[in-house]
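A short worksheet on the structure shown next.
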There are 2 protein chains.
Amino acid sequence: MYGALKTHITRLADPGADAIALLDPILEYRQLKKKEVLLKEGDTCRYYWFVLDGCLRSYFVNDKGAEQTLQFAIEQWWLSDFMSLQTKNPASFSVQAVEKTTVAMIERSAYESLLVKAPAFERYFRIVFQKAYAASQLRVKYLYTLSGEERYHHFNKNFPGFVQRVPQYMLASYLGFTPEFLSRIRARQL
Amino acid sequence: MYGALKTHITRLADPGADAIALLDPILEYRQLKKKEVLLKEGDTCRYYWFVLDGCLRSYFVNDKGAEQTLQFAIEQWWLSDFMSLQTKNPASFSVQAVEKTTVAMIERSAYESLLVKAPAFERYFRIVFQKAYAASQLRVKYLYTLSGEERYHHFNKNFPGFVQRVPQYMLASYLGFTPEFLSRIRARQL
DNA sequence: CTGATTTCTTGAACTACATTAAGTTTTTTT
DNA sequence: AAAAAAACTTAATGTAGTTCAAGAAATCAG
């Protein structure tokens, strides 16, 4: 499992064994219990996280005190507050383990010096972010096009089984509506 | 104006004059009239576009026949359907000039071979996409947090003057509501 | 300058989803 | 296994924003 990041890098952008070796001194690993928090909204974000096993989510607390999930990240996904990493401004959301989770992590300045020392990693991260941005473009389209109920069905079709992995209230807020409404949608199916 | 892309590249990731010179054979330029279309929803997207002057938008036609704007791109922004470029699947939206616009463009396979020939550009595009993704994370947060009216005020504050540059119906759909509702918001201010 | 097209406004009826509140089921902790 | 906490359901009432329709204003093409 701990090799999953190197496998991912090699598969997307093979930078060669010498470059890969440069990861060892800077990669950190962390085991998280369910609900454990990696980043708190308002703190400056210092790490890039890569999910080796389990599931992370980003969320914030809205003005009514409810948690609003912005993103889920499962195995092989990078997650962080990239704006906060860039500007060193306070993070606009928190990051938390949804279930027992193992992550690999790179600290901001280690990331930057890695890229200078081993530019071959630029290609890997360019591909990672280009894909992430492409996915995000599509996601915004779905947020505009689909009704709440349609987003639920679409999500279910695209990530079959994932629904069982997270509490419904997290999924409801990710899909942009209340847990009560999700309950209603599910009742309608029966 | 035609040097704006090279300036942008140099500012973000100075790849050196030799690398920059490799752009000349592959960069294309195009002048667009207001409303001219660069990409049609359903076609395969073949280009990366960089706005030198003017304004592009991406949009699609929803099931009620209304145009839904997804994104605006002004000077110094890259725009394309990155998913379609990646997968060669049909584009999920169209791209059109909002006003008289000049773009620099790179064809997909030229982009890919440029990156292989001159890996220094990987850094530039890595930074471009990392920033774009960071901005997109924030945008999704605003879509969840703010009411329609709040999104309008927030947009006005962050892009003062831009409101005058586009027809209201484009702005309304970008903000996620109907032109009628935007009209109402504006009436309330008076 | 003029007609045609596009864009903007206003009003009335409507709907998808939110809110509140109370009860039920499931999961976690001890 | 019991108690406590977390998660889910159901129903009644409320509202932000939509839809439809028709007219007014602005912009564009000849």
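These numbers come from the heavy atoms of this one structure, side chains and all, not from hydrogens, waters or symmetry mates. Model, not experiment: these values are computed from the prediction. Below, read A as the first sequence line, B as the second, and so on, with proteins coming before strands; counting in each chain starts at 1.
At whole-Å resolution of the value, CG in B:L175 and P in D:dA16 are 18 Å apart. A straight line from CD1 of A:I185 to C1' of C:dA18 spans 13 Å, rounded to a whole angstrom. The distance from atom CD of B:E99 to atom P of D:dT27 is 15 Å, rounded to the nearest whole Å. Spacing between atom CG of B:L146 and atom P of D:dA16 amounts to 15 Å, rounded to whole angstrom units. Straight-line distance from the OH atom of A:Y144 to the C1' atom of D:dG17: 15 Å, rounded to whole Å. Taking atom CZ of residue B:R186 and atom C1' of nucleotide D:dA24, one finds them 16 Å apart after rounding to whole Å. Following rounding to the nearest Å, B:Q168 (CD) and D:dT27 (P) show an atom-to-atom distance of 11 Å. Atom CD of A:E67 and atom C1' of D:dC8 are 16 Å apart (whole Å).
Taken to the nearest 0.5 Å, the CZ atom of B:F125 stands 12.5 Å off from the CD atom of A:E122.
Both B:L182 and A:S147 sit near DNA chain C, but only B:L182 has its closest nucleotide nearer the 5' end. Taking the nucleotide of DNA chain C with the nearest heavy atom to each of B:F181 and A:F177, the more 5' of the two is matched to B:F181.
Here the side chain of A:Y169 is nearest to one of D:dA7, C:dC8, D:dT19, namely D:dA7. Side-chain atoms of A:E180 lie closest to C:dA21 of the nucleotides D:dA7, C:dC8, C:dA21. When distances run from any side-chain atom of A:T178 to the nucleotides D:dT18, C:dC8, C:dT19, the shortest one goes to C:dT19.
At most 12 non-hydrogen atoms from other residues, nucleotides or ligands lie less than 6.0 angstrom from CG of B:D18.
B:S94 and B:E41 share no donor-acceptor pair across their side chains, judged by distance under 3.5 Å alone.
The side chain of A:K35 contributes no N or O atom lying less than 4.0 Å from OP1 or OP2 of C:dT28. For B:K34 and D:dC28, the shortest distance from a side-chain N or O to OP1 or OP2 is below 4.0 Å.
Between the base of D:dA16 and the side chain of B:R184 there is no donor-acceptor pair shorter than 3.5 Å.
Between A:Y142 and A:H154, the ring planes are tilted. Angles from 30° to 60° get that label.
Checked against A:E99 for a salt bridge (charged side-chain N to carboxylate O under 4.0 Å, His left out), the options A:K35, A:R165, A:R57 give a single hit: A:R165.
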